[in-house]
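One structure below.
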Amino acid sequence: MEEYNPIKIEKKWRKKWEKEKLWNIDVENAKNPYYNLMMFPYPSAEGLHIGNVYAFTGADIHGRYMRMRGYDVFEPLGFDAFGIHSENFAIKKGTHPKEETEKNVSHFREQLKRMGALFDWDREVDTSKPEYYKWTQWLFLQLYKHGLAYRAKAPVDWCPSCKTVLADEQVIGGKCERCGTEVIQKELLQWFFKITDYAERLLDNLDEIDWPEAIKTAQRNWIGKSEGALIKFKISNFKSQISVFTTRPDTLFGATYIVLAPEHHLVAKLKGNIENRGEVEKYIEGSKKKNELERTDLAKEKTGVELKGIKAINPANNEEIPVWIADYVSASYGTGAIMAVPAHDDRDFEFANKFGLVIRNVIKPQMIAGDKGIKQGNLTDEEFADYGERQLANKYDDILEGRRVYTGEGKLRNSGDWDGMHSLEVKGKIIESVGGEKKINYHLRDWLISRQRYWGPPIPIIYCEKCGIVAVLEKDLPVELPQVEDFRPTGTDKSPLATVKEFVKTKCPECGAEAKRETDVSDNFLDSSWYFLRYPSTDFKDKPFDEKITKKWLPVQMYIGGKEHAVLHLMYARFVTMALRDFGFIDFEEPFTKFRAHGLLIKDGAKMSKSKGNVVNPDEYFDSYGADIVRMYLMFLGPYEQGGDWRDEGISGIARFLKRVHTLLFQVKSDNDKNRNESLSENDLERATHKAVKKVTGDLENLQYNTAISSLMEFANKIQQSKEGAFYRLEAVKSLVKLMVPFCPHLSEELWHEALGYKTSVHGEKWPEYDESKVAENTVKLAVEINGKVRSQIQVDVGMSEDAVKEMALNDEKIKKMLNGNEPQKIIVVQNRVVNIVI
RNA sequence: GCCCGGGUGGUGGAAUGGUAUACACGGCAGACUUAAAAUCUGCUGCCGAAAGGAUUGAGAGUUCGAGUCUCUCCCCGGGCACCA
């Protein structure tokens, strides 16, 4: 027996597998298709990140498990190679994105091949290749033809560093998702996708897909459905009305003033009647200068100006109320105007207090003891109870008298005929009584897909003086991205492509006259919104995806990726899939039936980052330990869906374990060959085998890889220590090797051939089955408790009668002593678990 | 502020309401070795000499029994946010 040399054996087997194309799938004829997808990486110049390896290993283990369960597992991988991330890197390095990307992709591919995954490299996808982005452009045209793509002038977010506009989803806390620069607002003519048309379906379908609750919640919050009403307020001595959106029509009687956003269109209309015109204009100018971040900073004190001479009329009680403008009201949400109810809204309350406006309580709060607002601090329990009650009483009075805000529900007061009714039951009726209408608002905005950048698919649109906006004909696709020397973003609201005369100049597909091309490229997230449809159909050059193949393989049965895409890629892909279904190209509307998010890998308790210098380079570890050990360690260091902490010391545990298994296998085989079958004592090992199969199988089903590995260790230790005959030990190690296949595919293959002597691949083996009846033990140790505290242990036969167990427990020496003659009040027996004697 | 995670030994982490600390790292002791590495064996959460006792962020509750369920609160990580 040679010593375990992972580097050597991994090289040997990978070569063989590659030669035999063991992982390639016959997409047309596969009988039992299973589409196992993982989020494809973008090929950064730094090379493969250990975080990629972590994500892909977990996904690959799932694929390998399903493969042994008899599925034809399709596990493709490709590269999200177009986009700002790749381009920014090229800019930094002073290379061209095309060369840079090609170099990085081949580097990535070589690194990925060392992982020992099931990747089907015959079906690789590269989003920056014309044969791919031709169909990304085709997708744009389909959306355009069906009225879901439109061009509009709108205030949009602009990243001054990336020199391009961004979609709403790509602005994180007022900053660019890619580079962290604060975005500014610009008014530009841009292309949008009408994702808002799908808001309701995006929301509804969430109930039917098997995704983590956290991701679903994130999408629900992002879509931000809010049900309320539009209510019109008349303006005294004026024809126009102010329409406001509110989710609390029940508080209408408490609306003591109106606030308009500074950009509200009525402000200009009312100008003639505003007495303090100068002050108002100055305020509007001031708020224009602030960026979104300054305006939405919650810590900031609220500002505003009253429109003197303008009064609105509250339709509920015909009271004249003042009208203000303030930048805490956003023009882009609802109607850009609100009815302020300071007694029942935190923001209005703060504003009213600052400017001395009327605060009128109209909802009687339901107060309960232990209310959140009272803190115990360093009071004793008694002091706190007393203080709490007084606090509560004070708080209640404060609310009724408008000294404190209350945003909850309750019974109405100060509301005319509605007094005494509950806020939840009057909402609809109050809307009706003032002639308002029910209205649903969404936070979700249309997807802005124009980018003033170079490294992306040109938007396939032509502008003709006569015919206007004309789509590029499908037969003329792709609109190839020209090779450009200076590809850097211009910062002029135009893409670098605008400077390429021979690209811009074209003929109108309708009238043949000279025309100009659109020079922006599309958002990188459009590339990745449909890539899963391409993988199974890469053979087809004349269509994005084949109908028959798509029917066979999609929707994706398992998708694994990071949670950072919760409201980005994962939502865009759902939208695109729904649209393609509506256009009749596919017959399902959710792309990923099941999605699981892996956790984040950290190093020594801290996030990995280049600046901290704590980035783990997978190559180093592949070189010194081999892929099997790295794979298994990654999966062992924590629960896959929660992430974990990489510590260099930890990897030795796995290295030792695999080495031990290697030795064990050859030992057991040689014992068996020498026919050392003398002791055929118990069926201990058989039970251990069934137990291990059960546990590992269950854990794999739930992606609980860390506990699966610890069971494998226990099982291996058990075999090692077993005194049973070699025949039984041999049977046990055969199961062990099979159970290890998903985690360490190379070593398993090596042992299957070299130690166990098989001529066929272990990867063709069936996943071992277990027999529930063989898992059970014959005897079991019971804990004997007195009043819930463990006092002794007894050994009983499984299934022993309750009375027998009781008797045995009471006769236990230790228990007898502890009871000291006391008569037990009650004895609780939980079968095979515990006896609790209550005295 | 709201919505998700999470808080268990020196460390990473296990525990269908039923013997908390599985599995591993690290540590200690021993064997082998001229020596070291590797390997193997044993011990190893805390206080205590022991008997025993306390213990899963804090406090209360439900229960024969709570890391697990309920309530209140604290802390850490992430997401959303003047969205009316």
Side-chain angles (χ1 to χ4, degrees), chain A residues 3 172-173 212-218 220-222 224-226 228 244-248 251 259 295-300 302 326-330 332-335 337-341 344-348 350-351 369-372 374-377 381 384 407 441-443 563-564 566-567 599-600 602 604-605 607 633 636-639 641-654 656-657 659-660 663 704 706-714 717 781-793 824-839:
Chain A
E3 206 172 286
I172 314 286
E213 219 31 64
I215 305 282
K216 290 191 191 183
T217 310
R220 282 191 193 106
N221 289 344
W222 188 261
K225 181 177 181 175
S226 102
V244 304
F245 175 72
T246 179
T247 54
R248 292 297 301 268
T251 64
V259 188
R295 272 187 66 163
T296 56
D297 183 4
L298 271 173
K300 181 202 73 164
K302 293 194 169 34
D327 66 7
Y328 81 91
V329 173
S330 23
S332 53
Y333 186 77
T335 62
I338 61 153
M339 62 176 216
V341 186
H344 305 290
D345 181 281
D346 290 311
R347 297 147 301 176
D348 298 343
E350 189 194 328
F351 192 78
D371 183 271
K372 273 190 178 181
I374 304 160
K375 299 207 167 130
Q376 182 154 4
D381 287 352
F384 176 65
T407 56
N441 264 331
Y442 298 94
H443 166 259
K563 15 180 171 281
E564 66 275 15
V567 295
L600 185 72
I602 59 174
D604 299 323
K607 222 173 179 170
Y633 177 56
F636 183 62
L637 51 70
E641 290 177 85
Q642 273 171 48
D645 193 354
W646 173 288
R647 286 167 198 264
D648 282 346
E649 312 90 81
I651 201 167
S652 57
I654 297 291
R656 276 178 213 151
F657 170 56
K659 196 169 169 180
R660 229 167 44 233
T663 313
Q704 284 157 352
N706 56 333
T707 49
I709 294 168
S710 71
S711 312
L712 289 172
M713 289 172 169
E714 278 175 290
N717 291 345
K781 262 186 198 166
L782 286 193
V784 184
E785 298 175 342
I786 296 179
N787 289 342
K789 280 195 194 281
V790 181
R791 296 300 178 185
S792 186
Q793 284 187 339
Q825 284 182 19
K826 207 193 302 184
I827 301 175
I828 288 145
V829 179
V830 182
Q831 268 234 322
N832 305 335
R833 295 253 179 219
V834 75
V835 185
N836 192 9
I837 302 168
V838 185
I839 52 171

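Here is how names work: the chains are called A, B, and so on, in the same order as the sequence lines, proteins then strands, and each is numbered from 1. Predicted model, so just to flag it, every value in this text is computed and none were measured.
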message: Does A/Pro639 reach a base, just sugar-phosphate, or nothing at all? Heavy atoms under 4.0 Å.
response: sugar-phosphate
query: Regarding A/Tyr633 and A/Asp648, is there a side-chain donor-to-acceptor distance under 3.5 Å anywhere?
result: no
- prompt: Which is true for A/Ile172 with a 4.0 Å heavy-atom rule: it touches a base, it touches only sugar-phosphate, or it touches nothing?
  reply: sugar-phosphate
message: Mind checking if A/Lys781 touches a base, just sugar-phosphate, or nothing, with heavy atoms under 4.0 Å?
response: base
query: When the P atoms of B/U68 and B/U63 are considered, how many whole Å apart are they?
result: 16 Å
Separation of the C1' atoms in B/G42 and B/G61, to the nearest angstrom: 45 Å
query: At under 4.0 Å between heavy atoms, what does A/Arg220 touch on the DNA or RNA strands: base, sugar-phosphate, or nothing?
result: nothing
message: Does A/Val790 reach a base, just sugar-phosphate, or nothing at all? Heavy atoms under 4.0 Å.
response: sugar-phosphate
- request: Check every strand shown and say whether A/Glu785 touches a base, only sugar-phosphate, or nothing at a heavy-atom separation below 4.0 Å.
  value: base
statement: Any strand, both distances under 3.5 Å, Watson-Crick or G-U wobble: B/A31 pairs with B/U39
statement: B/C2 -> Watson-Crick or G-U wobble partner, both distances under 3.5 Å, gives B/G79
message: With rounding to the closest Å, how many angstrom separate the P atoms on B/G7 and B/C69?
response: 11 Å
task: Could you work out the separation of B/U55 and B/A20 based on their P atoms and round it to a whole Å?
output: 12 Å
Per A/Trp222 side chain, nearest of listed nucleotides B/G18, B/G53, B/A81: B/A81
- request: Please state whether the phosphate of B/A24, meaning OP1 or OP2, lies under 4.0 angstrom from any side-chain nitrogen or oxygen of A/Asn717.
  value: yes
- request: Using a heavy-atom cut-off of under 4.0 Å over every strand shown, decide if A/Gln793 touches base, sugar-phosphate, or nothing.
  value: base
query: Per the atom types in the model, does the base of B/C80 pair as donor or acceptor with the side chain of A/Asn221 at under 3.5 Å?
result: no
task: Sticking with atom C1', work out how far B/G18 lies from B/G78, rounded to a whole angstrom.
output: 35 Å
query: In Watson-Crick or G-U wobble terms, both distances under 3.5 Å, what is the partner of B/G10?
result: B/C25
message: Does A/Ile828 reach a base, just sugar-phosphate, or nothing at all? Heavy atoms under 4.0 Å.
response: base
message: Just to be sure I understand the rule, does A/Asn706 reach a base, reach only the sugar-phosphate, or reach nothing, if contact means heavy atoms closer than 4.0 Å?
response: sugar-phosphate
task: Assign A/Phe636 to base, sugar-phosphate, or nothing according to its heavy-atom contacts below 4.0 angstrom with the strands shown.
output: base
- prompt: Has the side chain of A/Arg660 got a donor or acceptor that lies under 3.5 Å from a partner of the other kind on the base of B/U39?
  reply: no
message: Only pairs with both distances under 3.5 Å count, Watson-Crick or wobble alike; so what is the partner of B/A51 in this structure?
response: none
task: Could you measure between the two P atoms, the one in B/C23 and the one in B/U44, and give it in whole Å?
output: 12 Å
Can I get a per-line list of side-chain donor-acceptor pairs under 3.5 Å for residues 832-839 of chain A, giving both atom names and the distance, sequence neighbours left out?
unit_1	atom_1	unit_2	atom_2	d
A/Asn836	OD1	A/Asn787	N	3.4
A/Asn836	OD1	A/Gly788	N	3.0

message: Tell me whether A/Asn441 contacts the main-chain N or O of A/Ser226 through its side chain, where contact means a donor paired with an acceptor under 3.5 Å.
response: no
- request: Ignoring backbone atoms, test whether A/Thr707 places a side-chain nitrogen or oxygen under 4.0 Å from the OP1 or OP2 oxygen of B/C23.
  value: no
field: Inter-residue atom distance A/Arg656.CZ - A/Met713.CE, 0.5 Å rounding
entry: 10.5 Å
- request: Tell me whether B/G53 sits syn or anti, counting syn as a glycosidic angle within 90° of 0.
  value: anti
- line: By the Watson-Crick or G-U definition, both distances under 3.5 Å, B/U16 is matched with none
message: Work out how far the C1' atom of B/A51 is from that of B/U56, and round it to whole angstrom.
response: 26 Å
- prompt: Would you say the side-chain atoms of A/Ser330 pair up with the backbone N or O of A/Ser332, donor to acceptor, closer than 3.5 Å?
  reply: no
task: With P as the reference atom in both, quote the distance from B/A15 to B/G67 in angstrom, rounded to an integer.
output: 16 Å
